[in-house]
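Before any comments, here is the structure.
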Protein chains: 2
Amino acid sequence: MRIQQLSACTGATIDTLRFYEKKGLITASHFRRGENGYRSYNDTAIERVEMIRRAQSAGFSLAEIAELFDLWDSERLSDDLIVAHLREKQQQIARKIAELEQIQQYLADKIQRLRG
Amino acid sequence: MRIQQLSACTGATIDTLRFYEKKGLITASHFRRGENGYRSYNDTAIERVEMIRRAQSAGFSLAEIAELFDLWDSERLSDDLIVAHLREKQQQIARKIAELEQIQQYLADKIQRLRG
DNA sequence: ATAAACCCTGGAGTATACTCCAGAGTCAAG
DNA sequence: CTTGACTCTGGAGTATACTCCAGGGTTTAT
């Protein structure tokens, strides 16, 4: 799959995809280079981009997402260490969910009052 | 309450508070001006700032938050219209929660695999 | 009354996350 | 073999959300 196709099926622009690569969010494991120098993406790239968009929409910065992916893809860290870090991220996400639920509650209250 | 105290009890810097004001997130209803021109905040300002931080951490831009607050504080819109808009926001939040839960699931799966 | 600590405005500077070229090479169709 | 659609890199430009002055006035404590 070439860059335009990945762009089409993820909704991210071509420039954005190259930007993510520069930031280390898309790596060698997600594409290879043809003899002409063109990027040729495999299917894991789609999943990656979708994950980036999800995490971003949920309030994570690209730096935080990169951190998560490094952990995710890590070969050199001990499993226990990775698990510990992943648990930390889970807690971070749990906090974000709690924040959203609190806003949700405010909205529900407001709606209640308006509807009498 | 003066600006330093609001800063202290919300964690937002003084510059940030003035910035929020410039963006219309903190309004005349949250403070008055003393004779010296100093801002004097009431307690609703604390709630406001905390709400901004929560929403922001959950992935909303200041523009989106301002939109929500406009709705919230609106006197001139019909109640039905406000309710409709608030419901829209609720759905937006529900989507964000779903995204976070999906990431949460990925993390759980990864942890499962690592723990054998 | 003067120093230290606070407040004000306006504007410049920074980090993040894109977005948009310029200038160049590649490839498929006619 | 040229035209049009695609690709590349590097760098400049933009929007958002701060962050940090400069240059001024105010308040509080000594």
Side-chain angles (χ1 to χ4, degrees), chain A residues 1-28 30-42 45-46 48-70 92 96 99 103, chain B residues 1-28 30-42 45-46 48-70 92 96 99 103:
Chain A
M1 186 185 353
R2 294 213 296 212
I3 198 163
Q4 194 167 50
Q5 202 184 336
L6 181 61
S7 168
C9 75
T10 59
T13 69
I14 290 172
D15 276 328
T16 297
L17 293 173
R18 289 199 275 242
F19 176 73
Y20 288 163
E21 187 183 325
K22 194 153 56 184
K23 290 283 159 176
L25 292 163
I26 296 174
T27 67
H30 305 104
F31 70 97
R32 55 188 172 73
R33 293 278 184 169
E35 295 204 336
N36 50 21
Y38 290 12
R39 292 165 183 83
S40 177
Y41 295 96
N42 55 47
I46 300 173
R48 211 5 83 123
V49 175
E50 283 170 354
M51 188 73 167
I52 294 168
R53 305 301 250 192
R54 262 197 298 277
Q56 219 177 1
S57 148
F60 286 98
S61 70
L62 294 188
E64 286 170 323
I65 299 167
E67 209 182 295
L68 181 62
F69 286 164
D70 281 355
Q92 207 179 328
K96 274 185 203 296
E99 279 159 357
I103 298 170
Chain B
M1 186 186 349
R2 296 212 296 211
I3 198 162
Q4 194 168 50
Q5 201 184 337
L6 181 61
S7 168
C9 77
T10 60
T13 69
I14 289 172
D15 276 328
T16 297
L17 293 173
R18 289 199 276 241
F19 177 74
Y20 289 163
E21 187 183 328
K22 194 152 58 184
K23 290 283 158 175
L25 292 163
I26 294 174
T27 69
H30 305 105
F31 69 98
R32 55 189 172 71
R33 294 275 183 172
E35 296 203 336
N36 48 20
Y38 290 12
R39 292 166 184 82
S40 177
Y41 295 96
N42 55 46
I46 300 173
R48 216 352 97 114
V49 175
E50 282 171 354
M51 188 72 167
I52 294 169
R53 306 302 253 194
R54 263 197 297 277
Q56 219 177 2
S57 147
F60 286 98
S61 69
L62 294 188
E64 287 171 322
I65 299 167
E67 209 181 295
L68 181 63
F69 285 164
D70 281 355
Q92 208 179 326
K96 275 185 202 294
E99 280 159 356
I103 299 170

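Note on naming: letters A, B, ... go to the chains in the order of the sequence lines (proteins, then strands), and numbering restarts at 1 for each one.
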When the distance from [atom1] of [X] to [atom2] of [N] is rounded to whole Å, what number comes out?
X: L17(B); N: dC20(D); atom1: CG; atom2: P; answer: 14 Å
X: R18(A); N: dC6(D); atom1: CZ; atom2: C1'; answer: 10 Å
X: L25(A); N: dT16(C); atom1: CG; atom2: C1'; answer: 12 Å
X: E21(A); N: dT19(C); atom1: CD; atom2: C1'; answer: 17 Å
X: L6(B); N: dC7(C); atom1: CG; atom2: C1'; answer: 14 Å
X: F19(B); N: dT19(D); atom1: CZ; atom2: P; answer: 10 Å
X: E64(B); N: dA17(D); atom1: CD; atom2: C1'; answer: 14 Å
X: I3(A); N: dT19(C); atom1: CD1; atom2: P; answer: 14 Å

- prompt: Of D15(A) and Y38(A), whose nearest nucleotide on DNA chain C comes first from the 5' end?
  reply: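 Taking each residue's closest nucleotide, the earlier one in sequence belongs to D15(A).
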
message: On DNA chain C, does the nearest nucleotide to I52(A) precede the nearest nucleotide to N36(B) from the 5' side, or the other way round? Give the residue.
response: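 In this pair, the answer is N36(B).
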
Selection from dC8(C), dT19(C), dT7(D) that lies nearest to any side-chain heavy atom of T16(A):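 Nearest to the side-chain atoms of T16(A), counting from C-beta on, is dT19(C).
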
Shortest side-chain distance from L62(A), nucleotide among dC8(D), dC18(C), dA17(D):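 When the side chain of L62(A) is considered, dC18(C) is the closest of dC8(D), dC18(C), dA17(D).
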
Residues E21(A) and R33(A) bridged, charged N to O under 4.0 Å: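 Salt bridge between E21(A) and R33(A), a charged N being under 4.0 Å from a carboxylate O: yes.
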
- request: With DNA chain D as reference, determine whether K23(B) or R2(B) sits nearer its 5' end, using the nearest nucleotide of each.
  value: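 Its nearest nucleotide lies further toward 5', so the answer is K23(B).
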
task: Quick one: list whatever passes side chain to side chain contact (heavy atoms under 4.5 Å, CB included) with N36(B), sequence neighbours left out.
output: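 With neighbours one apart ignored, the set is Y38(B).
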
message: For N42(A), give me all partners under side-chain hydrogen bond (donor to acceptor under 3.5 Å, both in side chains), at least two apart in sequence or on another chain.
response: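 Listed in chain order: T44(A).
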
message: Evaluate T13(A) against F19(A) for side-chain contact (heavy atoms from CB on, under 4.5 Å), listing each step before the verdict.
response: CA-CA 10 Å; T13(A) 69; F19(A) 176 73; over 6 Å; no

Within less than 4.0 Å of OP1 or OP2 of [N], is there a side-chain N or O belonging to [X]?
X: R39(A); N: dT9(D); value: yes
X: Y20(A); N: dC18(C); value: yes
X: Q4(B); N: dA5(C); value: no
X: Q56(B); N: dC18(D); value: yes

Shortest non-hydrogen contact from S57(B) toward E99(A):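 For S57(B) and E99(A), the tightest heavy-atom pair comes out as OG-OE1, 2.6 Å.
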
